[in-house]
Amino acid sequence: MSLSWMLPPLCGLLSLGLLVVQAALVGGPTHPDGTEVQIDLPADRHQRNAAGRDGAGLCVFTALGMAADWAHELALVDFRDYMRCHPGGGYPEKVTEFIRRRCGELGVAEPPYLQIQSNDLELLAQAVAAGHLPCVTYCQSPTGRYQGRRIAHMVNLVAARAGGQRLWAILDNNYPGTIEWMTEDQFRRAYTGLGGGWAVILLAPGPPPPPWNTPR
Amino acid sequence: MLWFLLLAQCPGPDCLPKSAPAHLTFTGAADLSFTLNGTPFDLLAGRRQLVTPPLEAGRAYVYELTILRRGALLARRTLEVAAGQHLHVDLSDLLSEPENFGIQSDRLAPPAGQAEWLTVNGRPINQQQARALITTTASLPDHRQRRRLTVIGPAAARAPVLARLRGDLAALAADFVVKEYDPSDWAVARVGFKTDGQPTIYAQEPDGRVLFRLDGPEDLERNLQALRRPRPDYRPDADPQRLFTDPPTGEGLFALCIVLAVLILLAALTRRFTSRWEL
């Protein structure tokens with residue numbers, strides 16, 4: 001008896017299984033399983049990492065620039081470019097110092113922002129669900145970027161526990177225009193692997209939702 | 001093999017004539033380069049040998065080593081060198097730490113004794129606030145559940161509207177997330193907002209449904225008031241009021257016991273009379 005009739009449904013089931021299993025991948029704002037990012041900063045607003053005066057990277061200030069673009073904190077949207085003439089590298093006290101300095105130079109009030117040094121993911125998930133774009137530490141790509149090596153980096157968190165697979169997703173400023181999806185365990189390892197997680201969250205609201213109405 | 005003479009940190013007038021140079025050998029991938037006290041060197045064929053000036057015996061000399069790949073800073077290290085020492089520095093080993101894109105990871109740890117550390121605009125939050133923030137019942141500003149009031153237009157047109165929203169209309173606007181945008185801003189120009197008013201003012205439900213749109217400031221107050229008017233289809237008598245049931249109280253239990261006792265007594269009496277009639 002020929003079993004060839006079973007091949008198409010088996011292939012279908014296999015494909016579906018692979019789709020469900022493969023949570024970690026690089027793609028766009030929609031995961032192949034249909035999950036969408038919660039914070040959808042348009043791809044042409046993504047910023048690429050650069051180097052400071054001493055050659056050290058500006059990932060912290062690039063991530064902050066994109067968070068500011070989302071929150072419409074105009075004083076900090078070009079933070080990366082402002083920092084090019086300063087030494088690179090970032091840490092919590094330096095962020096505090098340079099936000100204060102930049103806003104002081106522009107004569108505007110400092111935007112409200114929260115810094116977290118903790119391995120706890122709850123506040124990050126809550127922040128994304130509430131419409132914020134957190135900047136988070138990131139030490140290893142689960143999809144094989146950076147040849148799988150450990151890195152010291154800051155990226156933006158665009159999804160947290162999204163969709164049926166409760167996926168997390170990041171926007172890496174070394175790969176603008178793309179979104180990297182992963183599981184919660186993978187994100188936890190990436191976030192905390194530098195000896196502890198660090199996040200910066202601008203607290204101003206994001207853009208208004210697209211308008212719609214009921215036709216008359 | 002190339003030999004370079006380095007300018008070491010001489011301890012000054014106390015330099016003693018009894019001294020000897022140190023020999024430093026650097027190895028690593030050919031795309032790495034490095035600086036010693038600011039002087040740049042390449043790794044020729046993956047190897048470089050340097051000789052220091054004569055160093056005073058018995059003292060430690062410090063060289064600041066910076067490792068780069070194609071000009072990008074990878075790591076900084078401090079080398080301690082002594083007179084007559086032969087030191088092999090494998091730059092690849094020094095790079096076993098993460099490749100760095102801009103994090104000073106040695107400054108990320110919370111202050112000593114703290115499992116976590118939270119600040120708002122650089123000010124530490126006290127333990128109670130921190131606990132409140134990091135529990136699952138924490139409340140970051142959740143803008144997604146609030147109505148939006150968006151003012152779009154040139155700065156000169158927006159300013160008086162925003163001044164009113166912060167001033168005499170503040171109470172009416174308190175329920176809204178208020179944001180202002182230039183007409184060309186990506187956040188409004190690309191997603192369908194009308195942007196040519198003087199200014200354009202949108203009021204929206206959290207899901208984006210437009211409650212009203214104005215192309216000027218004239219009717220703003222009346223529209224905001226209208227949103228706060230009672231709805232004609234609201235019936236207070238249809239409101240649910242008790243979503244819970246009272247647990248039995250001590251008085252309730254006492255009454256229940258009395259009822260049960262009476263029932264048992266009646267049952268016993270009934271049985272007794274029934275038995276007699278049967279006799």
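Every chain is numbered from 1, with letters handed out A, B, ... down the list of sequences.
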Which atoms of N119(A) approach chain B - backbone, side chain, both or neither, heavy atom under 4.5 Å:
neither
Taking all heavy atoms of V188(B) and all of P208(A), pick out the closest pair and write down the distance.
CG1-CG, 4.5 Å
Side-chain heavy atoms of V120(B) within contact of P112(A), under 4.5 Å
no
The interface call for T62(A) against chain B, heavy-atom contacts under 4.5 Å, is neither
Are there over 12 heavy-atom neighbours, none belonging to E105(A), within less than 6.0 Å of that residue's CD?
yes
Against chain B, label Q147(A) side chain, backbone, both or neither, depending on which of its atoms sit under 4.5 Å from a heavy atom there.
neither
Identify which part of R209(B) has an atom lying under 4.5 Å from any heavy atom of chain A, answering side chain, backbone, both or neither.
both
Contacting region of D185(B) [heavy-atom separation from chain A under 4.5 Å]:
side chain
When the 4.5 angstrom heavy-atom criterion is applied to A199(A) and chain B, the contacting part is neither
What are the two closest non-hydrogen atoms of Y113(A) and G122(B), and how far apart are they?
OH-N, 3.9 Å
With a 4.5 angstrom heavy-atom cut-off, which part of F193(B) approaches chain A: side chain, backbone, both or neither?
both
Would you mind reporting whether T66(B) and D54(A) have side-chain heavy atoms less than 4.5 Å apart?
no
Y146(A), part contacting chain B, at a heavy-atom distance under 4.5 Å
side chain
Go through the atoms of W198(A) and report whether side chain, backbone, both or neither lie under 4.5 Å from a heavy atom of chain B.
side chain
Options T119(B), L211(B), V177(B), ranked by heavy-atom pairs under 4.5 Å with chain A, top entry:
T119(B)
Heavy-atom contact with chain A under 4.5 Å, split by part of Q204(B)
side chain
Between W186(B) and D69(A), does any side-chain donor sit less than 3.5 Å from a side-chain acceptor?
yes
Residues K179(B) and A71(A): closest non-hydrogen pair is NZ-O, 2.7 Å
Max heavy-atom pair count under 4.5 Å with chain A, selected residue of R213(B), R190(B), Q145(B):
R190(B)
Output yes when a side-chain donor or acceptor of Q117(A) lies under 3.5 Å from a complementary backbone atom of L108(B), and no otherwise.
yes
Whether W117(B) side chain and Q115(A) backbone form a donor-acceptor pair below 3.5 Å:
no
